[in-house]
Amino acid sequence: MRNLIAFISKYSFFFLFLILEVFAFYLLFRNNNFQRTVFLNSTNKVSGNIYESYSEWTDYLDLSVVNQQLAKENSRLRENQIKAYQRLFGENIMVNDTIYKRKYFYTKAKVINNSINKQNNYITLDIGASNGVKKGMGVIGPSGVVGVVKDVSTHFSSVLSVLHRSAKISARLKNTNYFGSMQWNGENYQVGMLLDIPNHVDISKGDTIETSGYSATFPEGIVLGTILGFEKPDGENFYDISIKFINDFKHLTHVYVVKNNYQLEQQSLEEKSEEQND
């Protein structure tokens with residue numbers, strides 16, 4: 001103890017200088033927008049690089065899980081190929097003169113930071129504005145929905161994970177098309193809730209939950225999870241439904257950022273309609 005007191009006494013002026021220096025920087029960044037912006041951008045870049053380096057060390061440990069996810073994804077893609085189908089009733093000819101325009105684009109990204117044990121969890125990706133990523137874009141994994149882009153820097157982006165209390169995904173029952181919203185329960189990272197499903201609808205454990213396509217963020221038909229259990233509360237018109245997420249958020253390594261070419265057009269029209277109703 002005496003040595004500690006002697007050490008502090010000997011370098012007291014140095015410690016005082018450090019405290020005053022930190023306080024001076026605090027006042028500088030708090031009261032000057034330009035300096036605060038430069039500081040935040042610099043720290044975001046440094047932290048992004050640190051996360052990226054750490055991710056390279058941990059990726060090797062998740063190779064088996066990644067291979068399984070890629071195998072499942074390749075299986076689904078192969079199932080959609082024309083050679084996966086068999087011609088029925090002999091030689092058939094189909095004429096289709098509809099002109100198609102691509103609505104969704106997918107940009108691959110790597111997860112360099114992720115959390116699952118907080119009330120509000122975020123994911124950091126290794127791509128940003130320079131890759132065309134913008135706030136509000138959806139993010140999906142090999143198995144299903146991961147979250148929505150919240151903030152973007154030049155080379156990195158932050159994603160509001162499905163494991164966030166304010167994250168709501170427009171969802172529907174695959175068998176009946178009744179729709180509601182999916183939300184995390186804030187407890188188990190593998191379990192969420194399906195809200196606003198009327199209690200007269202026939203549902204069963206194991207039923208598939210998928211994106212409804214009603215939002216401009218995600219395409220319809222992306223699997224979100226399966227029904228784990230449900231109850232009919234007395235005096236209520238809607239089920240209490242718990243679902244098991246299809247994604248294993250603890251082993252996310254590679255994802256896709258979804259760009260909807262018509263997102264702004266749809267959102268502006270819907271906002272205009274809401275303003276007219278107010």
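- The distance from the CG atom of L125 to the NZ atom of K108 is 14.0 Å, given to the nearest 0.5 Å.
- Checking side-chain atoms of S242 against main-chain N and O of G229 turns up a donor-acceptor pair under 3.5 Å.
- Looking at residues two or more places apart in sequence or on another chain, you find a side-chain hydrogen bond (donor to acceptor under 3.5 Å, both in side chains) between Y122 and H164.
- By the 30° and 60° cut-offs, the orientation of the rings of Y106 relative to Y104 is tilted.
- Taking the side chain as every heavy atom from C-beta outward, D248 and Y189 approach each other to under 4.5 Å.
- Counting all heavy atoms, side chain and backbone alike, G180 lies closest to I197 at N-CD1, 4.0 Å.
- Taking OG from S143 and CG from N247, the interatomic distance works out to 5.0 Å, rounded to the nearest 0.5 Å.
- Of all heavy-atom pairs between F245 and L163, the closest is CE1-CD2, 3.7 Å.
- To the nearest 0.5 Å, atom CG of residue N260 and atom NZ of residue K103 are 5.0 Å apart.
- Residues V258 and M137 have side chains not in contact (no heavy-atom distance under 4.5 Å, counting atoms from C-beta outward).
- Considering every non-hydrogen atom in both V149 and S157, the closest pair reads CG1-CB, 4.4 Å.
- For the pair E220/E210, no side-chain contact is recorded, criterion being any heavy-atom separation below 4.5 Å from C-beta on.
- Side-chain contact between V257 and V139: present, with at least one pair of heavy atoms (C-beta onward) separated by less than 4.5 Å.
- Of all the heavy atoms in V191 and W184, the pair that sits closest is O-CD1, 3.1 Å.
- Note: the hydrophobic cluster containing I209 also contains F230 (ILVMFWY, side chain heavy atoms under 4.5 Å, direct or indirect links).
- Side-chain contact between L224 and I246 is absent, with no heavy-atom pair separated by less than 4.5 Å.
- Once rounded to the nearest 0.5 Å, the distance linking NZ of K150 with OG of S161 reads 13.5 Å.
- The side-chain heavy atoms of T107 and V133, taken from C-beta on, include no pair separated by under 4.5 Å.
- Between N121 and F249 the shortest side-chain heavy-atom distance does not fall below 4.5 Å.
- Every residue was checked against the side-chain hydrogen bond (donor to acceptor under 3.5 Å, both in side chains) condition with Q267, not counting sequence neighbours, and none meets it.
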**OP:** Take D202 and T176, measure what side-chain contact (heavy atoms from CB on, under 4.5 Å) needs, and give me the verdict at the end.
**Re:** CA-CA 8 Å; D202 291 331; T176 63; 5.9 Å; no

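- Across all non-hydrogen atoms, the minimal contact from A167 to L160 is CB-CD2, 3.3 Å.
- Each of L194, L228, L173, N199 was compared with I241 under the side chain to side chain contact (heavy atoms under 4.5 Å, CB included) criterion, and only L194 meets it.
- Here I116 contributes atom CD1 and Q190 contributes atom CD; the two are 8.5 Å apart, rounded to the nearest 0.5 Å.
- Heavy-atom contacts from other residues, nucleotides or ligands closer than 6.0 Å to CD of E270 number more than 12.
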Original post:
After noting the C-alpha distance and the side-chain angles of I227 and S204, does the key distance pass the side-chain contact (heavy atoms from CB on, under 4.5 Å) rule?
Top reply: CA-CA 7 Å; I227 293 181; S204 303; over 6 Å; no

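- The main-chain N or O of S212 is never found under 3.5 Å from a side-chain atom of S170 such that the two would form a donor-acceptor pair.
- When all heavy atoms of F238 and P198 are compared, the closest pair comes out as CD2-N, 3.7 Å.
- By the 4.5 Å heavy-atom criterion applied to side chains, V162 and M182 are counted as neighbours.
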**OP:** Apply side-chain contact (heavy atoms from CB on, under 4.5 Å) to the pair I203 and Y178, showing each step before the final yes or no.
**Re:** CA-CA 10 Å; I203 60 175; Y178 275 92; over 6 Å; no

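- In the hydrophobic clustering of ILVMFWY residues, with side-chain heavy atoms under 4.5 Å counting as a link, L252 and Y256 come out together.
- In terms of hydrophobic clustering, with Ile, Leu, Val, Met, Phe, Trp and Tyr side chains grouped at heavy-atom distances under 4.5 Å, V145 and Y214 are assigned to different clusters.
- With hydrophobic clusters built from ILVMFWY side chains whose heavy atoms lie under 4.5 angstrom apart, Y262 does not share a cluster with L269.
- Here the CD atom belonging to Q263 is positioned 9.5 Å from the CZ atom belonging to F218, to the nearest 0.5 angstrom.
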